[in-house]
Amino acid sequence: MSCSDISYRRGGATRAQILEHLRECDADFSPPLHTYADLADYSAKIAGRAVTFEAWSGGVLAGLVAAYLNDPEGRSGFITNVSVLREFARRGIASRLVADALEYARARGFEAVSLEVEASNAAAVGLYEKLGFERAEGGAGRRLRMRVRL
């Protein structure tokens, strides 16, 4: 499948579709997502509280960025998930979805967005740096906190 087979949407995925996507991406997280999050609970939280930015190929949720943008008083958001199915990797999907999330936050008056990433995940760290994120204080264990000013 090519990039032209991908359509981008916001807020359309159901909890069940998010759960299926996270299960398929689980092993690509470092460490695997299920080792630090209950996937059913996490997908319900994303579906209920996050704004989702989605890449679809037919009926398949190929890419997902979920952001908590529910603190307009503090003007700071948090990206809780960035994932792309392995067969859709390296097509710019993650870059596009994160950029869409940042533009959405900017348009709503947010001043910054942060996220956490495994410090050893050089590809993800590089992607976030390319999108303007900088290393910030915080992060737990081997997790690196990154932040971008909007």
Side-chain angles (χ1 to χ4, degrees), residues 3 6-13 15 17-56 61-150:
C3 286
I6 303 295
S7 63
Y8 293 90
R9 303 180 206 159
R10 186 180 71 242
R15 182 203 57 78
Q17 290 166 322
I18 293 168
L19 177 57
E20 180 180 348
H21 174 82
L22 293 177
R23 283 182 174 152
E24 289 186 41
C25 292
D26 180 46
D28 295 327
F29 283 84
S30 176
L33 185 57
H34 79 274
T35 64
Y36 58 94
D38 178 281
L39 297 184
D41 290 346
Y42 187 44
S43 61
K45 185 177 178 184
I46 287 172
R49 298 184 184 167
V51 179
T52 57
F53 302 85
E54 307 154 4
W56 291 86
L61 182 57
L64 175 68
V65 166
Y68 298 123
L69 300 170
N70 48 11
D71 183 20
E73 301 295 319
R75 301 192 195 282
S76 183
F78 185 80
I79 294 176
T80 186
N81 180 79
V82 177
S83 53
V84 175
L85 296 177
R86 189 175 291 169
E87 59 267 31
F88 293 93
R90 304 205 184 284
R91 297 186 194 179
I93 293 171
S95 294
R96 162 75 188 267
L97 293 174
V98 173
D100 287 352
L102 296 179
E103 183 52 39
Y104 181 91
R106 184 180 294 110
R108 281 150 185 79
F110 283 79
E111 295 175 358
V113 173
S114 60
L115 55 77
E116 287 189 6
V117 61
E118 185 72 19
S120 64
N121 188 341
V125 171
L127 166 69
Y128 303 139
E129 288 176 338
K130 181 179 84 170
L131 293 169
F133 284 83
E134 297 177 343
R135 295 165 193 248
E137 293 292 319
R142 299 181 329 215
R143 307 281 296 168
L144 173 66
R145 181 169 286 260
M146 300 185 79
R147 184 170 191 218
V148 63
R149 291 202 160 284
L150 301 176

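Since we're looking at a predicted model, the values are computed, not measured.
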J.: First locate atom NE2 of His21, then atom CH2 of Trp56, and finally report the distance between them rounded to the nearest 0.5 Å.
T.: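 So the gap between those two atoms works out to 9.5 Å.
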
J.: For Arg143 and Glu116, indicate whether the former's side chain and the latter's backbone hold a donor-acceptor pair under 3.5 Å.
T.: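 Such a contact is found between Arg143 side chain and Glu116 backbone.
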
J.: Rounded to the nearest 0.5 Å, what's the gap from CZ on Phe78 to CG on Asn70? Could you check?
T.: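 CG of Asn70 is found 12.0 Å from CZ of Phe78.
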
J.: Would a 4.5 Å heavy-atom cut-off, applied to side chains only, mark Leu144 and Val125 as touching?
T.: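 Leu144 vs Val125: side chains touch.
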
J.: So, for Ala55 and Ile6, which heavy atoms are closest and what is the spacing to 0.1 Å?
T.: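 Heavy atoms of Ala55 and Ile6 come nearest at CB-CG2, 3.8 Å.
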
J.: Which residues pass the ring pair (Phe, Tyr, Trp, His ring centres under 6.0 Å) test with Tyr104, sequence neighbours left out?
T.: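 Scan of Tyr104 (ring pair (Phe, Tyr, Trp, His ring centres under 6.0 Å), adjacent residues dropped) gives Phe53.
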
J.: Would you name the heavy atoms of Ala105 and Val113 that are closest together and state the gap between them?
T.: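 Smallest heavy-atom distance, with atoms named: CB-CG2, 3.9 Å.
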
J.: Are there over 12 heavy-atom neighbours, none belonging to Arg49, within less than 6.0 Å of that residue's CZ?
T.: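 For Arg49, atom CZ is not crowded (no more than 12 foreign heavy atoms under 6.0 Å).
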
J.: Check this for me, if you would: do Arg23 and Glu20 make a salt bridge, where the nitrogen-to-carboxylate-oxygen distance has to be below 4.0 angstrom?
T.: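 Answer for the salt bridge query: no.
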
J.: Any side-chain donor paired with an acceptor under 3.5 Å for Ser114 and Arg145?
T.: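 Yes, a side-chain donor-acceptor pair sits under 3.5 Å.
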
J.: Is the shortest heavy-atom distance from the side chain of Leu150 to the side chain of Arg75 under 4.5 Å?
T.: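 Side-chain contact under 4.5 Å: no.
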
J.: Is there a side-chain contact between Thr80 and Tyr42, using heavy atoms and a 4.5 Å cut-off?
T.: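 They are in side-chain contact.
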
J.: How long is the span from the CZ atom in Arg86 to the CD atom in Glu24, to the nearest 0.5 Å?
T.: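 Reported value, rounded in 0.5 Å steps: 11.0 Å.
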
J.: Nearest 0.5 Å, please: how far is CG in Leu97 from CZ in Arg10?
T.: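 Answer rounded to 0.5 Å: 12.5 Å.
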
J.: Is there a donor-acceptor pair under 3.5 Å between the side chain of Gln17 and the backbone N or O of Leu61?
T.: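 A pair under 3.5 Å: no.
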
J.: Decide yes or no for Ile93 and Tyr8: does some side-chain heavy atom of the first lie under 4.5 Å from some side-chain heavy atom of the second?
T.: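 Ile93 reaches Tyr8 side chain to side chain.
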
J.: Atom CD of Glu134 and atom CZ of Arg147: how far apart are they, to the nearest 0.5 Å?
T.: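 These two atoms lie 10.0 Å from each other.
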
J.: For the pair Lys45 and Asp41, find out whether any cationic side-chain nitrogen is under 4.0 Å from an anionic carboxylate oxygen.
T.: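 No, Lys45 and Asp41 are not salt-bridged.
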
J.: Take Thr35 and Phe29 through the test side chain to side chain contact (heavy atoms under 4.5 Å, CB included) and record every step on the way to the result.
T.: CA-CA 10 Å; Thr35 64; Phe29 283 84; over 6 Å; no

J.: If you take all heavy atoms of Leu22 and Ser43, which pair is closest and at what distance?
T.: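 Answer, listing the atom of Leu22 first, then Ser43: CD1-CB, 4.2 Å.
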
J.: Between Asn81 and Leu64, is there a donor-acceptor pair closer than 3.5 Å when you use the side chain of the first and the backbone of the second?
T.: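 It does hold such a pair.
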
J.: Could you tell me which non-hydrogen atom of Val117 sits nearest to which non-hydrogen atom of Ala124, and how far apart they are?
T.: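 Heavy-atom minimum between the residues: CG2-CB, 3.7 Å.
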
J.: Any idea which heavy atoms bring Glu54 and Ala13 closest together, and the distance?
T.: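 Closest pair (atom of Glu54, atom of Ala13, distance): OE2-N, 2.8 Å.
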
J.: Write down the atom of Leu69, the atom of Gly77, and the distance for their closest heavy-atom approach.
T.: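 Nearest heavy atoms, Leu69 then Gly77: CD2-CA, 3.8 Å.
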
J.: Once rounded to the nearest 0.5 Å, what's the spacing between atom CG of Leu127 and atom CZ of Phe133?
T.: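 CZ of Phe133 is found 8.5 Å from CG of Leu127.
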
J.: Could you tell me whether the side chain of Val82 reaches within less than 4.5 Å of the side chain of Tyr128, counting heavy atoms only?
T.: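 Heavy-atom side-chain distance check passes, below 4.5 Å.
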
J.: Is any side-chain heavy atom of Leu39 less than 4.5 Å from a side-chain heavy atom of Leu33?
T.: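 Yes, their side chains come closer than 4.5 Å.
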
